[in-house]
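The structure appears right after this line, and notes come after that.
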Amino acid sequence: MHEEFPTDSPAVVTCGLPYANGDLHVGHLRTYVSGDAYSRALERLGQSVAFVCGSDMHGTPIAVNAAEEGVDPETFALEYHEQYEETFPKFNVEFDNYGHTHDATNTEMTRSFVRSWIDNDHVFEKEIEVAWDAETDQPLPDRFVEGTCPYCGETARGDECDDGCQRHLEPGEIEAPVSTITGNPAEYRTRPHKFLRLSDLQEYLQGFIDRLEGTDNAKNQPREWIEGELQDLCITRDMDWGIDYPSEGAAAGEGGDDLVLYVWVDAPIEYVSSTKQYSERVGSDEYDWEAVWKDHSDPDSEVPEGGEILHVIGHDIIQHHTVFWPAMLRGAGFNEPRAVMACGFVNLDGEAFSTSRNRAVWADDYVESGLDPDLYRYHIVTGSEFTADVDFSWDGLQERVNNELVGTLGNFLYRSLLFAERNYDGTPETGTSETVEGEIEAAIEAFQEAVDAYRVRGLGRAPVELAKFGNEYIQRHEPWKLTDDDPEKAAQVIRDCVQLSKAIAVLMEPVLPGKADALWTQLGEPGSVGDVGLEAALSSPPDEFGEPEELFEKIEDDRVDELNRQLAERVEAAGGDGEDGPNGETDGPNGETDGPNGETDGPNGETDGSKDGADVPDIEPITDDRVGFEEFKHLDLRVAEVLSAESIEGADKLAKLEVDVGVETRQIVAGIKQLHDLESLPGTRIVIVANLEKSELFGVESNGMLLAAGEEADLLTTHGDSAPGTKIQ
RNA sequence: AGCGGGAUGGGAUAGCCAGGAGAUUCCGCCGGGCUCAUAACCCGGAGAUCGGACGUUCAAAUCGUCCUCCCGCUACCA
């Protein structure tokens with residue numbers, strides 16, 4: 001359906017926006033390194049490409065954290081923005097443009113998107129119930145409220161059930177809301193909000209998903225959502241921090257209604273804005289953002305046309321990029337993504353990162369280690385397939401570097417170029433053999449295939465495979481023996497090796513850009529290898545070059561020991577006393593900090609001391625909300641006798657009980673596993689709600705509910721010896 | 001139980017979508033070679049019923065069905 005790369009259209013590669021709310025760690029960097037490598041690979045193929053990104057500045061987590069620190073959200077977010085901007089180049093991640101969602105370009109671009117939706121009649125207003133803090137008299141959007149998820153019953157944030165079922169929650173959905181500002185129960189108030197009518201675009205999205213390229217997870221996962229009924233997206237929030245909703249009544253640019261746009265509206269639009277900034281800087285002759293992003297198809301066409309839009313993200317935000325985002329683009333008359341590449345998590349020594357336990361290797365840790373950024377890049381890109389999880393560890397890094405980069409790649413380059421320089425002052429005067437030329441062509445082919453299949457790992461493998469061939473080749477021909485016996489043959493072999501070295505420089509550029517440039521210079525080539533295409537892999541190297549240097553150095557054992565020790569000490573320090581939140585937060589696995597999802601806060605978390613006090617059990621006030629006697633009578637409470645109790649495999653708390661309720665034997669599930677000795681339960685009289693709706697937990701049917709008091713689940717029983725089945729009234 | 005990811009020589013991984021001689025790469029083990037090279041590199045070897053069972057096929061690691069086990073997330077009706 002789509003043409004192979006390179007195409008005549010300009011391309012844009014984007015990475016999920018880092019959320020300006022915390023430090024970056026080596027897990028986050030997987031996306032940025034991969035995007036950078038992929039973008040560089042497209043350039044090697046001759047594709048015109050812009051690589052853009054920006055910081056995500058809005059949303060409630062930033063507003064909440066800024067408020068905690070007593071600074072305004074803009075100052076707070078800008079600080080992280082600047083930090084990110086400085087960090088990326090340290091990993092050779094070089095965006096053509098790096099903006100942020102709060103800048104003038106994105107503010108205006110976002111408003112123009114919204115105006116287009118309004119003009120195209122995709123927006124409607126609806127009164128909805130939103131959480132409200134009565135004490136401070138303010139609305140409580142998204143993370144300003146916590147409560148119970150209506151789908152799974154877990155504690156959830158206002159916009160996302162982060163601990164539970166991971167669902168996106170629309171405003172007003174959360175149950176038993178509590179203000180995170182005052183800790184008071186929140187009220188619901190009716191407020192008018194704006195919605196993007198996704199149902200208008202359902203048919204379009206179904207076609208879109210069939211056209212979408214990229215990794216399998218990104219292509220398959222959204223089908224479930226798109227084929228179901230799409231819920232309209234609430235695009236506004238009652239808060240100050242964000243981009244004002246462009247009110248129809250007010251003058252252009254003026255905000256209205258005290259509403260700002262939901263952070264997931266302006267965040268992806270930054271992809272467009274950032275491209276525009278790049279375009280404006282280099283000139284539209286060089287790169288035209290509108291050619292990429294605008295829809296250039298016929299007005300009636302069902303398929304938009306434009307440039308090649310490629311999104312590199314973590315797989316926690318697939319839904320936003322394959323459902324909401326294309327709908328947003330389509331609704332505003334824009335082009336659609338060609339591919340979404342979603343990567344897996346990064347684990348640390350086989351376990352998930354845990355920022356709250358400080359069990360993480362931060363970007364700064366790596367920078368301070370003094371190790372070359374290309375080593376990290378190689379390790380993370382080739383450590384597993386892109387969609388699979390990948391493990392980061394200092395030991396793993398050492399093994400890969402010492403064996404593959406030093407032993408295979410570096411060694412081949414060094415021995416070849418040194419031999420060439422000593423014996424021929426550079427490139428021997430003869431042509432490349434057919435064998436070697438064929439080998440290089442095959443490597444180029446493999447590289448091209450990796451790009452077309454969106455397999456970043458293949459980009460890193462290609463140069464190492466070629467070096468491996470080189471080592472075999474040089475060993476097989478032993479030119480050091482031939483210099484006297486057959487000088488012509490020796491020159492031929494070394495000429496081949498120099499050509500292989502040059503090809504390796506070109507092929508390794510995407511993943512190992514710094515090292516590739518160093519090699520390029522050693523070869524006596526002018527300029528940067530980043531300026532040449534793949535065809536340079538087969539063109540003649542300069543006649544002369546100087547003595548080469550070792551491109552990679554081994555990582556010594558004591559270095560690794562030291563790095564491991566530092567990490568262990570830090571985990572120890574953080575874990576020893578620094579009480580986690582009750583749930584011991586792990587970071588959104590791979591750390592796509594993009595958007596408000598996938599974010600977890602730092603140590604301060606969301607338990608504020610007053611709530612988890614096990615010490616002074618506050619007696620819950622008795623509710624004023626009276627029920628009538630009739631209503632009470634609806635409950636059918638019965639005495640029951642426990643016949644058996646067994647643990648439910650896999651559940652922390654649940655036990656399966658068989659109880660005798662006189663007329664029959666019931667099976668019920670109760671969350672008492674840790675609180676009672678199950679073996680001692682049979683024979684115990686308990687009280688159950690006999691007419692509770694049946695449900696299934698862990699695949700076990702629960703037909704009724706056991707009653708118990710308080711946190712310790714003190715079982716309700718009878719004072720006398722009422723028979724099982726006796727009704728309680 | 002649901003969703004997702006796995007199960008491939010001692011460890012870690014590729015191959016599976018587009019079936020074709022039992023399979024990649026890295027480490028480890030055994031033996032040999034080379035000495036241009038960063039104690040590097042090259043060659044050879046031991047070692048596997050490609051989790052299990054059916055099925056489709058001339059042909060299955062690869063496709064289908066069922067099953068077992070592992071991991072992650074979810075579900076924990078107090």
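Numbered from 1 within each chain, the chains take letters A, B, ... in sequence-line order.
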Gap in Å between the two C1' atoms, one belonging to B:G15 and one to B:A46, rounded: 24 Å
C1' gap between B:U49 and B:G22, integer Å: 11 Å
Complement of B:U38, any strand, by Watson-Crick or G-U distances under 3.5 angstrom: none
Identified pairing partner of B:C73, criterion: Watson-Crick or G-U wobble below 3.5 Å: B:G2
Sugar-phosphate, base or nothing in reach of A:R400, heavy atoms under 4.0 Å: nothing
Under-4.0 Å side-chain N/O to phosphate OP1/OP2 contact, A:R455 with B:G15: yes
First encountered from the 5' end of RNA chain B, between A:I474 and A:G383: A:G383
First of A:R457 and A:N471 reached from the 5' end of RNA chain B, by closest nucleotide: A:R457
Test side chain to side chain contact (heavy atoms under 4.5 Å, CB included) applied to A:F412 and A:L500, step by step: CA-CA 9 Å; A:F412 170 70; A:L500 283 167; 3.9 Å; yes
Sugar-phosphate only, base, or nothing, as touched by A:E478 at under 4.0 Å among non-hydrogen atoms: sugar-phosphate
B:C27 phosphate, OP1 or OP2, under 4.0 Å from A:N403 side-chain N/O: yes
Per A:E472 side chain, nearest of listed nucleotides B:G15, B:C42, B:U38: B:C42
Whole-Å distance separating the CG atom of A:L418 from the P atom of B:C41: 16 Å
Whole angstrom value for the distance that separates P of B:C43 from OH of A:Y473: 15 Å
Nearest-neighbour nucleotide for the A:E404 side chain, B:U38, B:C26, B:U13 considered: B:C26
Candidate list A:I474, A:I504, A:N411, A:N471, test side chain to side chain contact (heavy atoms under 4.5 Å, CB included), partner A:S416, passing option: A:I474
Rounded distance in Å between the P positions of B:U24 and B:U65: 29 Å
Pairwise C1' distance for B:G10 and B:G47, with rounding to whole Å: 8 Å
Salt bridge (charged side-chain N to carboxylate O under 4.0 Å, His left out) between A:E3 and A:R338, worked out: CA-CA 11 Å; A:E3 295 173 64; A:R338 166 170 173 162; over 6 Å; no
For the student: nearest non-hydrogen atoms of A:T31 and A:V312, plus distance: CG2-O, 3.5 Å
Watson-Crick/G-U partner (both atom distances under 3.5 Å) of B:U68: B:A7
Donor-acceptor pair, side chain of A:R30 and main chain of A:G344, under 3.5 angstrom: yes
Protein-nucleotide distance (A:D395, atom CG; B:C26, atom C1'), rounded to Å: 15 Å
Sugar-phosphate only, base, or nothing, as touched by A:R422 at under 4.0 Å among non-hydrogen atoms: sugar-phosphate
C1' atoms of B:C26 and B:G64, separation to the nearest Å: 34 Å
For atom CZ of A:F386 and atom C1' of B:U13, their distance in whole Å: 18 Å
Counterpart base for B:A18, defined by Watson-Crick or G-U wobble contacts under 3.5 Å: none
Whole-Å distance separating the CG atom of A:L637 from the C1' atom of B:C77: 15 Å
Nucleotide nearest A:Q475 when distance is taken to its side chain, options B:C34, B:U13, B:C26: B:C34
Proximity to the side chain of A:M705 - top-ranked nucleotide from B:A78, B:U38, B:C27: B:A78
A:K554 side-chain N/O to B:A39 phosphate OP1/OP2 under 4.0 Å: no
Audit row: A:E547, A:L418, side chain to side chain contact (heavy atoms under 4.5 Å, CB included) steps and yes/no: CA-CA 6 Å; A:E547 183 151 331; A:L418 192 63; 3.8 Å; yes
Rounded distance in Å - CZ (A:R476) to P (B:G44): 11 Å
Pairing nucleotide - B:G44, Watson-Crick or G-U, each distance under 3.5 Å: B:C30
Nearest-angstrom distance, C1' atom, B:C16 to B:G6: 13 Å
A:H477 and A:Y473 aromatic ring geometry - parallel, tilted or perpendicular at 30°/60° bounds: tilted
Sugar-phosphate only, base, or nothing, as touched by A:N411 at under 4.0 Å among non-hydrogen atoms: base
Closest to side chain of A:W480, choosing from B:C42, B:C36, B:A78: B:C36
For atom CD of A:Q398 and atom C1' of B:U38, their distance in whole Å: 14 Å
Nearest-Å distance for atom pair CG/C1', residues A:L500 and B:C36: 16 Å
Sugar-phosphate, base or nothing in reach of A:G407, heavy atoms under 4.0 Å: sugar-phosphate
P gap between B:G11 and B:C54, integer Å: 26 Å
Side chain to side chain contact (heavy atoms under 4.5 Å, CB included) between A:L405 and A:K515, worked out: CA-CA 11 Å; A:L405 294 182; A:K515 293 297 184 182; over 6 Å; no
Sugar-phosphate, base or nothing in reach of A:L551, heavy atoms under 4.0 Å: base
Pairwise C1' distance for B:A60 and B:A21, with rounding to whole Å: 13 Å
Nucleotide forming a Watson-Crick or wobble pair with B:U57, both distances under 3.5 Å: none
Touch class at under 4.0 angstrom, heavy-atom based, for A:F412 against every strand present: nothing
